[in-house]
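Read through the structure below, which is laid out as structure tokens, and then see the notes.
Just so we're on the same page: letters track the sequence lines, and every chain starts at 1.
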Amino acid sequence: MAAALLGARLVHERLGVPPRIGRIVEVEAYGGPDDRASHARAGATARTAVMFGPAGVAYVYLVYGMYHCLNVVCGPAGEAGAILIRAVEPVEGIEAMRDARSTRLAGRHRRGSGPSVGGRRRRDVPDQMLASGPGRLCDAFEVDVSFTGADLCARSSPLRLEPSPPGDRTPNPVWTPRVGISYAGEPWTSLPWRLIDQGSSSISTAVHHPRQLR
DNA sequence: GCAAGGATATCG
DNA sequence: GATATCCTTGCA
């Protein structure tokens, strides 16, 4: 399932905003209650109930009280499972992504920090960094918890998945351990359930910053 | 160039 | 009390 998503398109079409399209370059697989790294490890809660439902719908949650993360529910209804979409490479609607990110950042830092937040120009962020991480991706695509339960596989959905177009660059899939789950213990921390497209420059920064070893 | 610290909803 | 994160600041 994760392998099928690599290279596929994430599309958000919304009234008044140019369509935003990203090529999926990084995903992580999460299982059911057995998987100590999965949100489903405690069974179905108000937040995670959708993980136990039918496949192909969105599960969006908030991490650290601040960032959204987009998952695709997988497996048969009754069995929990999801694929976290960690990064996409912007393909279309790049300015809309940039705008969405600036807006969210401005709102987020309005509180608490001083008036000199605008010192660094957000226009300087390179295209390939706009959605190179699960939190960044949701900022750029304006995905929040209200999308939980939405069907990602219907052509008519504003937020949806589409197959990679013919002639698209072939992904170079590489499996690695998942990120930021040291609390789960072995064997879960070492299982290579994270899949990246090795050729992409939009992989999340977690790769390059071993700080994530936690 | 880093490392450190902060923001803060949801769960155990 | 910890977290499936990211950004800014402060110091080398």
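Hydrophobic cluster membership of I21(A), counting Ile, Leu, Val, Met, Phe, Trp and Tyr whose side-chain heavy atoms lie under 4.5 Å apart directly or via other members: V11(A), V91(A).
Residues of residues 38-56 of chain A that place a heavy atom closer than 4.0 Å to DNA chain B, in numerical order, are A42(A), T45(A), R47(A). Near DNA chain C, defined here as any heavy-atom distance below 4.0 Å, there are no residues from residues 137-148 of chain A.
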Under 3.5 Å, sequence neighbours excluded: what are the donor-acceptor pairs made by side chains of residues 68-83 of chain A?
residue, atom, partner, partner atom, Å
N71(A), ND2, Y59(A), O, 3.1

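Rounded to whole angstrom, the span from the CD1 atom of I85(A) across to the P atom of dT5(C) amounts to 15 Å. In this structure, Y61(A) places its OH atom 13 Å from P of dT3(C), rounding to the nearest Å. Rounded to an integer number of Å, the gap from CG of L70(A) to P of dC6(C) is 13 Å. H68(A) has its NE2 atom 13 Å from the P atom of dT8(B), to the nearest Å. Between the P atom of dT5(C) and the CZ atom of R178(A) lies a distance of 12 Å, rounded to the nearest Å. One can place CZ of R101(A) at 15 Å from P of dT5(C), the figure rounded to the nearest angstrom. As rounded to whole Å, 17 Å separates atom P of dG5(B) from atom CE of M66(A).
Both M1(A) and V27(A) are members of a single hydrophobic cluster when ILVMFWY side chains are connected at heavy-atom separations under 4.5 Å.
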* Structure fact -> Writing each nucleotide of DNA chain C 5' to 3' as (, ), [, ], | or . by Watson-Crick or G-U pairing under 3.5 Å yields |||.|||||||.

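The phosphate of dT5(C) (OP1 or OP2) has a side-chain N or O of Y64(A) nearer than 4.0 angstrom. Residue R104(A) places no side-chain N or O under 4.0 Å from the OP1 or OP2 atom of dC6(C).
Nearest nucleotide to the side chain of L62(A), out of dA9(B), dC7(C), dT5(C): dA9(B).
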* With side chain to side chain contact (heavy atoms under 4.5 Å, CB included) as the test, would you mind laying out the steps for H12(A) and L10(A) before giving the verdict? => CA-CA 7 Å; H12(A) 191 185; L10(A) 176 68; over 6 Å; no

* To do: Take M97(A) and V88(A) through the side chain to side chain contact (heavy atoms under 4.5 Å, CB included) test and state the conclusion after the steps.
  => CA-CA 12 Å; M97(A) 295 181 198; V88(A) 307; 5.8 Å; no

* Show your working on side chain to side chain contact (heavy atoms under 4.5 Å, CB included) between I24(A) and L161(A) and close with a plain yes or no. => CA-CA 10 Å; I24(A) 298 174; L161(A) 297 164; 3.9 Å; yes

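Contact annotation for R136(A): backbone-only contact, meaning every heavy-atom pair under 4.0 Å involves sugar-phosphate atoms and none involves a base. Base engagement by L84(A) is indicated by at least one non-hydrogen atom pair under 4.0 Å involving a base atom.
Applying the salt bridge (Lys or Arg N to Asp or Glu O under 4.0 Å) rule to R160(A) yields the partners E13(A), E162(A); only residues at least two apart in sequence or on another chain are considered.
For the pair W193(A)/Y30(A), no side-chain contact is recorded, criterion being any heavy-atom separation below 4.5 Å from C-beta on.
The CG atom of D139(A) lies 7.0 Å from the OH atom of Y67(A); values are rounded to the nearest 0.5 Å. Interatomic distance, OG of S201(A) versus CD of E89(A), reported as 5.5 Å (0.5 Å rounding). Summarising the geometry, atom CZ belonging to R86(A) is positioned 5.5 Å from atom CZ belonging to R194(A); distances are rounded to the nearest 0.5 Å.
With D197(A) contributing its side chain and N172(A) its backbone, the two residues share a donor-acceptor pair below 3.5 Å.
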